[in-house]
Every structure is written in structure tokens, then in C-alpha cells.
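Taking it in order: structure first as C-alpha cells, then the write-up.
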Amino acid sequence: MKEIILCKYGEIVLKGLNRGTFEAMLVKELQKRLKGCGNFKVYHEQSTAYIEPLDDDADLDLAMERAGTVFGFVSLSRACVVEKNVEAIAAAAKEYLPQFLHGAKSFKAEAKRSDKRFPVKSPELQQLVGGAVLEVMPRLKVDVHNPQVVVRVEIREYGAYLHAGVVRGAGGIPTGSAGKALLLLSGGIDSPVAGYMMAKRGCVVESLHFESFPYTSEQAREKVMELAKEVTVYTGSMKVGVISLTKIQEELVKHCEEQYFTLLLRRFMMRLANRVAKRDGALALITGESLGQVASQTMQALHVTESVVDLPVFRPLIGMDKEEIISISRKIGTFDTSILPFEDCCTVFTPKHPKTRPDLEKVIEQEKKLDVQALEDEAFATLNYRWVSYYED
Ligand code: ATP
Ligand code: MG
């Protein structure tokens, strides 16, 4: 029997005039993700995107998995395509649906008639499908309140579809619908999660990583590239910039008070990120900061580090506990890489007693001991880009 995948829109259903643009983005994103899964036709109709295999080699299981990573869909279902007449629907219900009902004790049939020209109304369709299933599986019980499995028939423009059970989609809104943002990506647990969360809200995410070679290693950089690659399962391919902070860190150690090292370094990171973002057309910065998690993430510290940028700073984790962040990190598959033990530039020259309630004036006084502009320019000149992608392009 011919099967297809139905992907149902989430919030974009509400988007009125822009809807056409969003739909086109979803179809394009699906087409990209399905590369390597075989030949498919992808199109949209009535708040649903359709993934239709064009030959027997098309891998529908893999396509289902990939479609589950595309932001903008609330649910996915694998369905069989049936001719729009009652005999064909009843016959297909008997042949296709039992595989989903093995082991179940109860079920319920639902019908949705989007094509109002179809002469049979939803209640009769439900009976038709429910009755057909009971004919081949007579021990099943119908339970309309608490069924173990829900089977559905949908009558749409191009055909009728039978399926049993929906799986959750990736949620969110289509990648690209919000514009581009630059993620400050470290090798930790938080920043990959922050990138994922903003991609889910429609951002095209590019990343910027700061290293401090030889204080940080080649492996530490590769770990960050691996994390970026893992995030691209959801975001699509990603540009990752790398900037060296070695000189800045050495100057900080030479000229400034130890308790301010981290804050001063973070101000350089923010300045450089703001500059890279503007050059590359990103409209906001993203960090993995969470209020109170470490000394540099108190409100006073955030004020000190944010005051050197003029772009908005998105901190999707700001109100989350570490446990919550870890559970997302596990879900998206970055956790195991994040916990590999490599040093980060923030962990070299870490002050023993960092300022937790810094005063902006005092931080600026410390900065006067440095040639901030020259150091920033020198670091900016070390910017190097790589492209990473989990999927084949
Ligand atoms: P993470 O898991 O993101 O490393 P963390 O608790 O270690 O979290 P910090 O080291 O204080 O956090 O950094 C806060 C945020 O600053 C990070 O989430 C990230 O956005 C950014 N950041 C820190 N170090 C780097 C780095 N080496 N390169 C790029 N961004 C960084
Ligand atoms: Mg970190």
C-alpha cells in the first residue's frame, strides 16, 4: 500500500498574511533534510505538508525521523493513501490498520472531512473505519474516552488517508522566519542548548567560538565543532567562526586585577561577537547564560558584560535550572559531547575569587590599563570560519 507522511503545522497556522512564506520555508527545509533518504515529492495543502515517496527505495522510516527535526510542525503521522470512496477506505482499514493495533485492548476511530464535497459525513466515516477494524480484530473493544490507540481517516483534497497514532513534531516556528542570530558557543552543556532553543523560535543560528591556543587545545576546538554539528541536526548546516583570545588573556594577566579577569574577558567576547554579528548580518546574540549559575551570571555581572554591545542578547536559559538544561541537552543529543573533559578559554586563568557583584565603574577602571581597541582589532583579525553539517549537503 502506498504510504506518505503528513506533517501538521504548529503556530504558523495563526500567521495570516505571512503564511505563504512560512509554508514555502517548511517545504524547503523538509527537502533539505530528506536528502539521502531517497526520492520524495514534498508539497503543502490545508495546514499540512506532505512527504510522498516517489519510488520503492525511498526510506520512509528515515524520512519520518528527519521530518521530526524540522521546526514548525506539531505532529507527524505515517499514513496510507486511499482512493476517495467508501469501499476502498473500508478495505484499506482492514489491511493497513491492524499492524498498529496488535497488543492493544481498546481503540477508537476518528474522522476528519476537510473536503466537504465528499458525500459521507464524519460520524458515518468513523463507523465505517471502526467497523472494518472490528471485522478483522473482533476482540478489540471500542473505548471513546480512554482508547489505547486512535485510528484516523482524513478526507482531503487529493485523497483519503488512514493512520494510527501521531508522533510529536519538533514544534517551534520555521528556521529562518525570525532572521539570523549569532550564538556564542563554548564547549559546555548550556550554549548548544541555547542555540537549539533559538533555532526553534525561527532563528538561523551561526556560531562564534573563542579559543586560547596553546592554553586551550586542538581537541577542545574539535569538540566545539562536534557540538555545532550535533546542533545542525535541528538547525541545518551552520557557519562557525573561531577567534583567538590568547593575546587578550595574556595582557589581562599582566595588567589587571585577578578578580576581574573573567568579567573583562567576557566583555571582550561580547564586543567581538557584536562585531562579527554585524558584519555577517546577524540581528542578535545568543548565550547560554542562566541567572546565578556562576559568578559571571549574576545580574550585576550580566549588566557589566552586556553594556559593551548594542545588539539584543537572547538568553533562552536564563530562568532554567541546570537539571532542565541537561534534560534538553540529552534530548537533542549534545550532552555526551559536552561533558568531554577539555578546557575552555574561560577556565584558563580563572580567578580564585571572582567578583560576583561587580561595579561597572571599577571594571572600566581596570580596562583603562589596556589598549582595548587595539586588542579587539588584533583578536578580530584572527577570525576564521568553518562550515559544519550533520547531513550531507
Ligand atoms: P556553557 O555550557 O555554555 O559553557 P557555562 O556555564 O560554562 O556554560 P560560562 O562559561 O560562564 O557558562 O559562559 C556563559 C556563556 O558565554 C556560554 O553559554 C556561551 O554562550 C558564552 N561562552 C563562554 N565561553 C565561550 C567560548 N569559549 N566561546 C564562545 N562563547 C563562550
Ligand atoms: Mg562555558
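Note that ligands are numbered from 1 as they come in the structure, with each ligand's atoms numbered from 1 the same way.
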So is Thr216 close enough to ligand 1, meaning a heavy atom under 4.0 angstrom away?
-> no
Short N or O distance, [X] and ligand 1, threshold 3.5 Å exclusive:
{"X": "Gly187", "answer": "no"}
{"X": "Ser186", "answer": "yes"}
{"X": "Val294", "answer": "no"}
{"X": "Leu208", "answer": "no"}

Residues [X] and [Y] bridged, charged N to O under 4.0 Å:
{"X": "Glu251", "Y": "Lys369", "result": "no"}
{"X": "Lys368", "Y": "Glu365", "result": "no"}
{"X": "Arg78", "Y": "Asp61", "result": "yes"}
{"X": "Glu376", "Y": "Arg267", "result": "no"}
{"X": "Lys108", "Y": "Glu110", "result": "yes"}
{"X": "Arg275", "Y": "Asp377", "result": "yes"}

Could you list the atoms of ligand 1 found under 4.0 angstrom from a heavy atom of [X]?
{"X": "Leu185", "value": "28 (N), 29 (C), 30 (N)"}
{"X": "Gly188", "value": "1 (P), 2 (O), 4 (O)"}
{"X": "Gly288", "value": "17 (C), 18 (O), 20 (O)"}
{"X": "Ser191", "value": "1 (P), 2 (O), 3 (O), 18 (O), 19 (C), 20 (O)"}
{"X": "Ser296", "value": "11 (O)"}
{"X": "Thr287", "value": "20 (O)"}
{"X": "Ile189", "value": "2 (O)"}

Which one holds for [X] and ligand 1: side chain close, backbone close, both close, or neither close, with close meaning a heavy atom under 4.0 Å?
{"X": "Gln293", "value": "side chain"}
{"X": "Leu183", "value": "neither"}
{"X": "Asp190", "value": "both"}
{"X": "Ala194", "value": "neither"}

How are the rings of Tyr43 and Tyr50 set to each other: parallel, tilted or perpendicular (split at 30° and 60°)?
->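 Geometry flag for Tyr50 against Tyr43: parallel rings.
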If the plane angle is over 60° it's perpendicular, under 30° parallel, otherwise tilted; pick one for Tyr196 and Tyr234.
->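 The arrangement is perpendicular - the two ring planes meet at more than 60°.
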Winner among Gln297, His209, Glu289 once heavy atoms are compared against atom 12 (O) of ligand 1 =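 That would be Gln297.
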Quick one: is the NZ or CZ of Arg271 closer than 6.0 Å to the six-membered ring centre of Phe268, and within 45° of its axis?
-> yes
Aromatic contact, Tyr96 with Tyr161 (centres under 6.0 Å) =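 No, the ring centres sit 6.0 Å or more apart.
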Just wondering, do Pro53 and Leu60 contact through their side chains at under 4.5 Å, heavy atoms?
->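 Leu60 reaches Pro53 side chain to side chain.
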